[in-house]
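All values below were derived from every heavy atom in this structure, side-chain atoms included, with hydrogens, water molecules and symmetry-related copies excluded. Throughout, residue positions are numbered sequentially from 1 according to the sequence presented. For clarity, every value in this text was computed on a predicted model and none was experimentally measured.
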Amino acid sequence: QVQLVESGGGLVQAGGSLRLSCAASGPPFSNYALGWFRQAPGKDRDIVATITWTSSVTYYADAVKGRFTISRDNAKNTVYLQMNSLTPEDAAVYYCAADRRSLGSGRDFRADYWGQGTQVTVSS
């Protein structure tokens, strides 16, 4: 059973940056595709970014392209989301997810495991 624990959320001013981390434990983390999702109040949980097991393929939602960067360190069992130029529209609970398929990507990503989420608040 994979366990995912997010950290790095908080309050930031518009235009600022945050770096989210997600530490994994359990079965071979390096074999899984990983992703970040977010859910704002009253809205559905939606995909933000995904990365395949070798980092060869990354996917970004249109709303975050050019501002967010997903990366992973398989030696540390950690996936990151660097978020720059944040706007109030980015405020949400951010969730880390793991897809047992190593090449899961984009809208094909299947979240088999979820973290508990970390809150990101952006003040205008």
Any donor-acceptor N/O pair, [X] side chain to [Y] backbone, under 3.5 Å:
X: N74; Y: W53; answer: yes
X: T52; Y: S102; answer: no
X: T69; Y: Q82; answer: no
X: D108; Y: S105; answer: no

Residue pair [X] / [Y]: nearest heavy atoms and the distance that separates them:
X: K65; Y: Y60; result: CE-O, 3.3 Å
X: A33; Y: R72; result: CA-NH1, 4.0 Å
X: F109; Y: A97; result: CZ-O, 3.7 Å
X: C22; Y: L4; result: SG-CB, 3.8 Å
X: D46; Y: R107; result: OD1-NH1, 3.1 Å
X: V120; Y: Y94; result: CG2-CD1, 3.5 Å

inquiry  = Could you tell me if S17 and N84 have a donor-acceptor pair between their side chains, going purely by distance under 3.5 Å?
reply    = yes

query = Which residue pairs pass the side chain to side chain donor-acceptor pair (under 3.5 Å) test when at least one of the two sits in residues 113-124, sequence neighbours left out?
reply = E6-Q116

key: Student check: side-chain heavy atoms of D99 and Y32 closer than 4.5 Å   = no

request  = Test side chain to side chain contact (heavy atoms under 4.5 Å, CB included) on V12 and M83 and set out the steps.
outcome  = CA-CA 11 Å; V12 64; M83 306 186 295; over 6 Å; no

hydrophobic_cluster_shared for [Y] and [X], side chain cutoff 4.5 Å:
X: F37; Y: L34; answer: no
X: F68; Y: V122; answer: yes
X: Y95; Y: W36; answer: no

remark   = When rounded to the nearest 0.5 Å, the distance separating CG of L103 from OG of S56 is 6.5 Å

ask   = Run the side chain to side chain contact (heavy atoms under 4.5 Å, CB included) check on D73 and Y80 step by step: do they pass?
value = CA-CA 8 Å; D73 185 337; Y80 305 97; 4.2 Å; yes

request  = I would like to know whether I70 and V79 meet side chain to side chain contact (heavy atoms under 4.5 Å, CB included); could you show each step before the answer?
outcome  = CA-CA 7 Å; I70 188 171; V79 61; 4.0 Å; yes

query = Stepwise, does the side chain to side chain contact (heavy atoms under 4.5 Å, CB included) test hold for R38 with V64?
reply = CA-CA 11 Å; R38 67 186 182 186; V64 307; 3.9 Å; yes

